Amino acid sequence: MRAVVARTIASLLTSPRTRDARRNLAELRRRLGGGPAIVHYFHQSDDPYSHLLLQALPAFAQSYDVRLQPHLVPPPTDAAAPDRARLEAWSRRDAGSLAAAIGLEFSDTGRQPDAALTHAANRALAAAFRANSNFDSAVLAATAASRALWGGDTAALTALPAASEAELAATLDAGAALRAKLGHYLGATLFFESEWYWGVDRLWLLEQRLREAGLARSRDERPVVPVPRVECRHRPTNGHRPELHFFCSLRSPYTYLAVARVLRLADRYGAELRLRFVLPMVMRGLPVPRDKRLYILRDAKREAETLGLPFGRIVDPVGQPTERGLAVLHRAVAAGRGPEFLESFMRGVWADGLDAGSDGGLGTIATRAGLDAAFVKAALEDSSWRAVAQANREEMLALGLWGVPSFRVDAHPARWGQDRLWQIERDLIAATEAERVS
C-alpha cells in the first residue's frame with residue numbers, strides 16, 4: 001500500500017498534464033488581467049551563479065516579450081545549504097570554469113567576499129533594484145555592483161548609489177518573502193508563471209517555454225547561453241585507461257539522470273568505472289526542506305524529458321530500501337555487475353515504481369541486472385558495505401564535495417552535479433588524448 005500511495009503522489013507531482021494545467025491557468029490569469037508576462041529574477045549578491053545569470057539577462061530581456069522583475073534575496077537557510085563552506089567554495093570554482101566555457105566573466109579569488117563588502121554590495125543592489133523602473137538601467141547598475149563585489153573593489157562599491165539600512169532590510173525581507181511564497185530557496189533563480197528555473201544551466205528551458213507561449217521576439221531559437229552537453233564524438237588515441245570515479249546515492253534523482261551518460265562515457269573513452277556509493281544526506285542526519293524536495297523532483301522530471309529518460313513513478317527508497325540496495329550494489333561491484341545493478345535500481349525506484357524495500361521489488365531489480373535470489377540473499381546478510389560507504393563519503397568530503405552525483409577522472413579536479421558531465425567528458429578527452437571524429 002505504501003508503494004502504491006508513493007507512486008500515485010509522485011506521478012501527480014511530476015505529471016506533464018499537471019504541469020501543463022498549472023502553466024495554462026497562469027497564462028489564463030495573465031491574459032484575463034491584461035498585464036505583461038512577468039519573469040521574476042532573484043539575485044543573491046555573494047552567489048557566483050547570480051553573478052553569471054545577471055550577465056545573461058540583458059540579452060534575454062531583448063529576446064523575449066517579458067517584463068523582468070529583479071529581487072534581492074539573502075542566502076539560503078542552513079537547512080537548504082547544510083554544508084555551506086563546501087558549497088561556497090565549490091560554487092566559486094564551478095562558476096569560474098563555467099564562465100570560461102560559455103563566454104561570461106567570473107574569476108575565483110579563493111574566498112568569499114567579506115561581510116563588509118557584501119553588505120556594501122547589497123546596499124548598492126537594493127538601490128539599483130528599487131530606483132530603476134527600467135530593467136536595462138537596473139541591471140546595468142546591479143552588474144557594476146556585482147563586478148565590484150567579486151573584484152574586491154571597495155572604492156567602486158562605495159561610489160555607487162546605496163540604499164539606506166532600512167531600505168536594504170525592507171528589500172531583502174520582501175525578496176525573501178516572495179521567494180518563499182512562490183516556493184524556492186536559492187538565488188540565481190527565475191520564476192515564470194508557476195515554474196522555477198535555476199541559473200544559466202536552466203535558462204534555455206525558460207526560453208523554450210517562452211517561445212512555445214509565443215513570447216519570442218524573433219524566430220532565432222539559439223539559446224542566450226549555450227551550455228555544453230555530453231557529445232561522445234571523440235576517440236582515444238594514447239591507450240591510457242583513466243579511472244572514472246562516480247560518487248552516487250541510491251536516493252538521488254540526479255544520480256539516476258547521470259547513470260546512463262556515465263556508462264556511455266566510460267565505454268566511449270575506455271575508462272575504468274569506480275562506483276563510490278554513499279548514504280543519502282537525509283540518512284546522514286541532514287534535513288531536506290519541502291521546497292527543495294519539490295523543486296528537485298520537478299526539475300529532475302524536466303531534465304529526464306530532455307534526456308529521453310522515464311521518470312515519475314517513484315517509490316522513495318529512503319531508509320531500509322536504500323540500505324538493502326547498497327548491500328546488493330556492494331556485492332555486485334565485486335562480481336563485475338555493479339553498473340548493471342545501479343542502473344536497474346535507479347530506473348526501478350525513480351521510473352518503474354518498484355519498492356526496493358520489498359523482496360519482490362528488489363528481486364526484480366536484481367534479476368534485470370543478471371543477479372539471482374541467492375546472490376541477493378547473501379548480499380543482504382553482509383554488512384561490510386557500511387564501511388565502504390563511509391570511506392567513500394570521507395574521500396568525497398576530502399575532495400571538497402559533499403553531495404552527489406559527483407565525479408573525478410584520474411587526478412583531475414572533482415566535479416559535482418549531473419549538469420557538469422560535459423566537464424568530465426573534457427577531462428576524459430584530455431586523459432586519453434582523444435581526437436574528434438564527427
Side-chain angles (χ1 to χ4, degrees), residues 76 78-94 242-259 261-263 266 271-289 292-293 296 300 316-335 337-339 341-343 345-346 349-350 356-357 379-380 382-421 423-424 427:
D78 289 342
D83 199 335
R84 192 178 300 275
R86 284 190 176 88
L87 172 62
E88 290 174 343
W90 161 256
S91 298
R92 294 193 309 270
R93 294 197 306 273
D94 181 53
E243 287 189 347
L244 173 51
H245 297 262
F246 180 13
F247 293 88
C248 53
S249 163
L250 300 185
R251 200 193 176 226
S252 161
Y254 291 130
T255 292
Y256 166 56
L257 298 181
V259 169
R261 282 172 293 160
V262 170
L263 299 185
E272 183 178 350
L273 181 59
R274 300 294 184 93
L275 298 179
R276 315 300 297 277
F277 54 82
V278 299
L279 278 171
M281 277 188 173
V282 72
M283 293 173 65
R284 291 185 263 132
L286 300 175
V288 181
K292 187 173 182 178
R293 292 198 307 271
I296 288 174
D316 188 347
V318 66
Q320 189 182 51
T322 283
E323 293 188 342
R324 285 158 57 89
L326 289 178
V328 179
L329 177 59
H330 175 49
R331 185 162 287 229
V333 168
R337 304 296 295 177
F341 180 78
L342 177 62
E343 188 169 33
F345 187 98
M346 300 305 282
V349 300
W350 295 107
L380 295 179
D382 179 6
S383 63
S384 62
W385 66 267
R386 294 183 183 277
V388 176
Q390 178 62 20
N392 289 340
R393 174 178 175 269
E394 290 172 358
E395 180 174 342
M396 182 177 69
L397 293 175
L399 291 169
L401 301 177
W402 69 101
V404 296
S406 294
F407 320 92
R408 180 168 61 87
V409 175
D410 288 343
H412 289 265
R415 317 282 188 180
W416 173 54
Q418 61 94 22
D419 293 312
R420 297 297 174 260
L421 277 172
Q423 290 179 319
I424 291 301
D427 292 341

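In this text, all values refer to a predicted model and were calculated from it rather than measured experimentally.
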Quick check for you: to the nearest 0.5 Å, what is the distance between [X] atom [atom1] and [Y] atom [atom2]?
{"X": "R386", "Y": "L326", "atom1": "CZ", "atom2": "CG", "result": "9.0 Å"}
{"X": "S406", "Y": "W416", "atom1": "OG", "atom2": "CH2", "result": "7.5 Å"}
{"X": "F345", "Y": "Y256", "atom1": "CZ", "atom2": "OH", "result": "13.0 Å"}
{"X": "L421", "Y": "R261", "atom1": "CG", "atom2": "CZ", "result": "5.0 Å"}
{"X": "L380", "Y": "R324", "atom1": "CG", "atom2": "CZ", "result": "5.5 Å"}
{"X": "F407", "Y": "R420", "atom1": "CZ", "atom2": "CZ", "result": "11.0 Å"}

Short question: side chain of N392, backbone of V278 - any donor-acceptor pair under 3.5 Å?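 Not at all, since once roles are kept as given, no pair shorter than 3.5 Å links the two residues.
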
With R92, which residues qualify under salt bridge (charged side-chain N to carboxylate O under 4.0 Å, His left out), at least two apart?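 Salt bridge (charged side-chain N to carboxylate O under 4.0 Å, His left out) list for R92, sorted by chain: D108.
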
Apply salt bridge (charged side-chain N to carboxylate O under 4.0 Å, His left out) to D83 and list each qualifying residue two or more places apart in sequence or on a separate chain.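 Only R86 meet the salt bridge (charged side-chain N to carboxylate O under 4.0 Å, His left out) criterion with D83.
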
State which residues pass side-chain contact (heavy atoms from CB on, under 4.5 Å) with [X]; sequence neighbours excluded, sorted by chain then number.
{"X": "P76", "answer": "Q44, A80, A81, R84, L186"}
{"X": "A414", "answer": "L399, L401, R408"}
{"X": "A271", "answer": "P242, L244, A266, L428"}
{"X": "E394", "answer": "Q390"}

[X] to [Y] - nearest heavy-atom pair and separation:
{"X": "D382", "Y": "A327", "result": "O-CB, 4.3 Å"}
{"X": "P339", "Y": "L273", "result": "CG-CD2, 4.2 Å"}
{"X": "P253", "Y": "I296", "result": "CG-CG2, 3.7 Å"}
{"X": "G325", "Y": "L250", "result": "C-CD1, 3.5 Å"}
{"X": "S384", "Y": "H330", "result": "OG-NE2, 3.2 Å"}
{"X": "S249", "Y": "M346", "result": "O-CE, 3.5 Å"}

With sequence neighbours excluded, what pairs up with [X] under the side chain to side chain donor-acceptor pair (under 3.5 Å) test?
{"X": "T255", "answer": "S252"}
{"X": "R93", "answer": "none"}
{"X": "H245", "answer": "E243, R276"}
{"X": "Q423", "answer": "S97"}

Got a sec, which residues hit ring pair (Phe, Tyr, Trp, His ring centres under 6.0 Å) with F247, two or more places apart in sequence or on another chain?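 Counting only residues at least two positions away or on another chain, F247 forms no ring pair (Phe, Tyr, Trp, His ring centres under 6.0 Å).
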
So do [Y] and [X] actually touch side chain to side chain, heavy atoms under 4.5 Å?
{"X": "V259", "Y": "L342", "result": "yes"}
{"X": "E323", "Y": "W385", "result": "yes"}
{"X": "V318", "Y": "P280", "result": "no"}

